[in-house]
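All residue numbers refer to positions in the sequence shown, counting from 1. The shown structure was predicted, so the numbers you read here are calculated from the model rather than taken from an experiment.
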Amino acid sequence: QVQLVESGGGLVQAGGSLRLSCAASGRTFGFYVIAWFRQAPGNEREFVAAISWSYGTTDYADSVKGRFTISRDNAKNTAYLQMNMMKPEDTAVYYCAAGPRSTWSPRAYNYWGQGTQVTVSS
């Protein structure tokens, strides 16, 4: 089993920044990709960004490209999502997920964190 714990959410003004962390523990060799998803009330869970644990290859949703940066620290078993130039439409619960391949579909990910709330005020 893999356990994922997110942290770093909170309230920020539009144009501001936040950094989310996703700490992984357990059988971490069982996955190859860490991804961030978000879900706003009434919306489906949507892909934000993903990173290959071994190679560092990244992928981003168009809505966050150029503003968000995903990274990982293998020694700490932790992935990060640096969010800059934030907009009110970034408001959502953010989840990290782990799975065997990089895909935008949440169904492909085996493990999920509990989520952390991010609120961007206008």
**OP:** Compute the centroid of each ring, for Trp36 and then for Phe47, and state whether the two points are separated by less than 6.0 Å.
**Re:**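 For Trp36 and Phe47, the ring centres are not under 6.0 Å apart.
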Original post:
How would you list all residue pairs meeting salt bridge (Lys or Arg N to Asp or Glu O under 4.0 Å) that involve residues 83-92, not counting sequence neighbours?
Top reply: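 Qualifying pairs, neighbours excluded: Arg38-Asp90, Arg67-Asp90.
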**OP:** Enumerate the residue pairs fulfilling salt bridge (Lys or Arg N to Asp or Glu O under 4.0 Å) with a member in residues 53-62, sequence neighbours excluded, ordered by first and then second residue.
**Re:**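 For residues 53-62: Asp62-Lys65.
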Can a donor-acceptor pair be found, under 3.5 Å and without considering hydrogens, that links the side chain of [X] to the backbone of [Y]?
X	Y	result
Ser105	Thr103	no
Glu46	Phe37	no
Thr116	Gly9	yes
Glu6	Gln114	yes

Subject >> Contact check, side chains of Arg72 and Asn77, non-hydrogen atoms, under 4.5 Å >> reply: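 They are not in contact (no side-chain heavy atoms under 4.5 Å apart), so the answer is no.
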**OP:** Kindly indicate whether the side chain of Thr69, heavy atoms from C-beta on, has any atom under 4.5 Å from the side chain of Tyr80.
**Re:**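 They are not in side-chain contact.
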Subject >> cation_pi(Arg45, Tyr95) dist<6.0 Å, angle<=45 >> reply: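 Yes, Arg45 sits over the ring of Tyr95.
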**OP:** Kindly work out whether a path of hydrophobic side-chain contacts (I/L/V/M/F/W/Y, heavy atoms less than 4.5 Å apart) joins Val93 to Trp104.
**Re:**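 Yes, because Val93 and Trp104 connect within a single hydrophobic cluster, where side-chain heavy atoms sit under 4.5 Å apart.
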List the atom of [X], the atom of [Y], and the distance in Å for their closest heavy-atom pair.
X	Y	value
Ile70	Ile34	CD1-O, 3.8 Å
Tyr109	Gly99	CD2-N, 3.6 Å
Tyr32	Pro100	CD1-O, 3.5 Å
Thr78	Trp53	N-CH2, 3.7 Å

Subject >> Chi angles and distances behind the side-chain contact (heavy atoms from CB on, under 4.5 Å) call for Met83, Val118 >> reply: CA-CA 10 Å; Met83 304 183 291; Val118 171; 4.0 Å; yes
**OP:** Tell me, with the steps shown, if Trp112 and Leu4 meet side-chain contact (heavy atoms from CB on, under 4.5 Å).
**Re:** CA-CA 6 Å; Trp112 291 85; Leu4 303 173; 5.6 Å; no
Side-chain polar contacts of residues 11-25 - donor-acceptor pairs under 3.5 angstrom, sequence neighbours left out - could you list them?
unit_1 : atom_1 : unit_2 : atom_2 : d
Ser17  : OG     : Asn84  : OD1    : 2.9
Ser25  : OG     : Gln3   : OE1    : 3.4

